[in-house]
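Before any comments, here is the structure.
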Amino acid sequence: MNYIAIIPARYASTRFPGKPLALLGGKTVIERVYRQVSEVVEEVFVATDDERIFREVERFGGRAVMTSPNHRSGTDRIQEAVETIGTQADVVINVQGDEPFIQASQIEELCRQFDDPTTQIATLGKRFASMEAVENENSPKIVLDNNGFALYFSRSVIPFVRGIDRSRWLEQFPFLKHIGLYAYRREILREITQLPPSSLEQAESLEQLRWLQNGYRIRVGLTDVETIGIDTPDDLARAEEFLGKF
């Protein structure tokens, strides 16, 4: 299998404008993401709509491709990058540009899902450590079938454990957090980016529900590594503290 990793990175952000160019331990966030991914995947690109990010990637010796500023999602941006690059890779890996602590083991686990030739799309899940975390609507939950494919993603607590006090639900069921790292077979990526938004996607504001609702299957690999994304300046401050232990 041949893999290419593409990191979508846009400058505009409601909560943290210019986030990819923010400094973390003396390096920009986008450089840290790029270098982490490059430890595992030989072919890595940043897909951006901003010249400042493009120039920064070139500065540290990375590869970048300019894309339209009008994309609805990072997935759409990645598909344009795939077309521009002209890659023939079998699988396209989507790594968020605000995950500077992504681990090799996570990317390797994602890639292992394609050992099964029926895998169309893959992502990761991690067991929740507390019921408080399960109840956080900003942490989507996954429920799986018996073969490791996603049945559904939700911001709500799923499943509902009937007849048990809510404080004990975590003892009764392995609630699974969605880790937003994806990989797609190249032809499947092209197909899913042609789909219109779906009713479930719009209800939950989760793009992956569009794919499920249209009959695509998402295999879920398991990781015990927590991701530390950067969505706000406060997250960046916490990341600085974590960097010393990384």
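Numbers here are sequence positions counted from 1.
Looking at every heavy atom in both residues, Leu21 comes nearest to Arg52 through CD1-CB, 3.8 Å. Between Arg77 and His71 the shortest heavy-atom distance is CA-CD2, 3.5 Å. Contact record, Ala239 with Phe101: O-CZ, 3.6 Å, taken as the closest heavy-atom pair. Considering all non-hydrogen atoms of both residues, Val29 and Gly97 come closest at CG1-O, 3.6 Å. Contact record, Ala81 with Val65: CB-CG1, 3.6 Å, taken as the closest heavy-atom pair. Of all heavy-atom pairs between Arg32 and Pro100, the closest is CB-CB, 3.8 Å.
A salt bridge is defined here as a Lys NZ or Arg NE, NH1 or NH2 lying under 4.0 Å from an Asp or Glu carboxylate O, and Asp235 with Arg238 meets this definition. Under the 4.0 Å criterion applied to side-chain N and carboxylate O atoms, Arg59 and Glu31 are assigned as salt-bridge partners. In this structure, Glu226 pairs ionically with Lys177, as a charged nitrogen and a carboxylate oxygen lie closer than 4.0 Å. Ion pair Arg155/Glu137 not flagged as a salt bridge, since none of the NZ, NE, NH1 or NH2 atoms sits closer than 4.0 Å to an Asp/Glu carboxylate oxygen. One finds a salt bridge joining Arg168 and Glu171 here, because a Lys/Arg side-chain nitrogen approaches an Asp/Glu carboxylate oxygen to under 4.0 Å.
Residues Val134 and Leu170 form a side-chain contact, since some pair of their non-hydrogen atoms from C-beta on lies under 4.5 Å apart. Taking 4.5 Å as the limit, every side-chain heavy atom of Phe153 sits out of range of all side-chain heavy atoms of Ile158. Residues Arg186 and Asp90 have side chains not in contact (no heavy-atom distance under 4.5 Å, counting atoms from C-beta outward). Side-chain contact check for Ile85 versus Ile6: some heavy-atom pair is nearer than 4.5 Å. Using a 4.5 Å heavy-atom threshold, the side chains of Pro159 and Phe173 count as touching. For the pair Asn2/Val91, no side-chain contact is recorded, criterion being any heavy-atom separation below 4.5 Å from C-beta on.
A donor-acceptor pair under 3.5 Å is absent between the side-chain atoms of Lys126 and the main chain of Ile179, judged by distance alone. Between the side chain of Thr87 and the backbone N or O of Val82, no donor-acceptor pair lies under 3.5 Å. Of the possible donor and acceptor atoms, one in the side chain of Tyr3 sits under 3.5 Å from a partner among the backbone N and O of Cys111. Between the Gln120 side chain and the Arg217 main chain, a donor and an acceptor come within less than 3.5 Å of each other. Listed for the Gln202 side chain is no donor-acceptor partner under 3.5 Å among the backbone atoms of Pro197. Listed for the Arg10 side chain is no donor-acceptor partner under 3.5 Å among the backbone atoms of Asp49. In this structure, the side chain of Glu58 does not engage the main chain of Arg55 through any donor-acceptor pair within 3.5 Å. For Thr48 (side chain) and Ala9 (main-chain N/O), a donor-acceptor pair under 3.5 Å exists by modelled atom type. A donor-acceptor pair is defined here as one N or O able to donate and one able to accept, closer than 3.5 Å; such a pair exists between the side chain of Gln36 and the backbone of Ile102.
Glu207 and Thr75 form a side-chain donor-acceptor contact under 3.5 Å, judged by distance and modelled atom types alone. Judged by distance alone, the side chains of Ser139 and His178 never bring a donor and an acceptor atom under 3.5 Å apart. A donor-acceptor contact closer than 3.5 angstrom is absent between the side chains of Glu80 and Thr67. A donor-acceptor pair shorter than 3.5 Å can be found between the side chains of Asp165 and Ser167. The closest side-chain donor-acceptor pair between Ser199 and Gln213 falls under 3.5 angstrom.
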Using the rule given for side chain to side chain contact (heavy atoms under 4.5 Å, CB included), can you reason through Ser154 versus Glu204, listing the C-alpha separation, both sets of side-chain angles and the distance that settles it, and then say yes or no? CA-CA 7 Å; Ser154 182; Glu204 295 257 20; 2.7 Å; yes
Could you give me the CA-CA distance, side-chain angles and deciding distance for Val225 and Ser105, then say whether side chain to side chain contact (heavy atoms under 4.5 Å, CB included) is met? CA-CA 8 Å; Val225 179; Ser105 64; 3.7 Å; yes
Between Asp116 and Arg219, is a salt bridge (Lys or Arg N to Asp or Glu O under 4.0 Å) present by the stated rule, with each step listed? CA-CA 10 Å; Asp116 182 341; Arg219 182 179 285 280; 2.4 Å; yes
Evaluate side chain to side chain contact (heavy atoms under 4.5 Å, CB included) for Leu200 paired with Tyr152, printing each intermediate quantity in order. CA-CA 10 Å; Leu200 288 175; Tyr152 194 70; 3.8 Å; yes
Would Phe114 and Arg112 satisfy side chain to side chain contact (heavy atoms under 4.5 Å, CB included), going step by step from the backbone distance to the final call? CA-CA 5 Å; Phe114 292 91; Arg112 270 194 292 272; over 6 Å; no
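Under the 4.5 Å side-chain contact rule for hydrophobic residues, Leu124 and Phe128 do not share a cluster. Under the 4.5 Å side-chain contact rule for hydrophobic residues, Phe60 and Leu23 do not share a cluster. Both Leu189 and Phe45 are assigned to one and the same hydrophobic cluster, defined by single-linkage of ILVMFWY side chains at heavy-atom distances under 4.5 Å. Taking hydrophobic clusters as Ile, Leu, Val, Met, Phe, Trp and Tyr residues chained together by side-chain heavy-atom distances below 4.5 Å, Val220 does not share a cluster with Val95. No continuous path of ILVMFWY side-chain contacts below 4.5 Å connects Leu181 to Tyr216, so the two sit in separate hydrophobic clusters.
For the pair Arg127 and Phe175, the cation does not sit on the ring face, since its NZ or CZ is not both under 6.0 Å from the ring centre and inside 45° of the axis.
Test Gln103, Glu108, Gln106 against Thr223 for side-chain contact (heavy atoms from CB on, under 4.5 Å) and you get one pass: Gln106.
In this structure, OG1 in Thr123 is found 6.0 Å from CD1 in Ile142, a value given to the nearest 0.5 Å. If you take CD1 on Ile7 and OH on Tyr34, they are separated by 7.5 Å, rounding to the nearest 0.5 Å. For the atom pair Glu56 CD and Asp50 CG, the distance stands at 11.5 Å (nearest 0.5 Å). Rounded to the nearest 0.5 Å, atoms CG (Leu212) and CG (Leu151) are 8.5 Å apart. Note that the CZ atom of Arg185 and the CZ atom of Arg190 stand 14.5 Å from one another [nearest 0.5 Å]. Distance CZ/Phe16 to CG/Asp231: 10.0 Å, rounded to 0.5 Å.
For Trp211 and Tyr184, the ring centers are positioned less than 6.0 Å apart.
Counting heavy-atom neighbours within 6.0 Å of Glu187 CD, excluding the residue itself, gives a total above 12.
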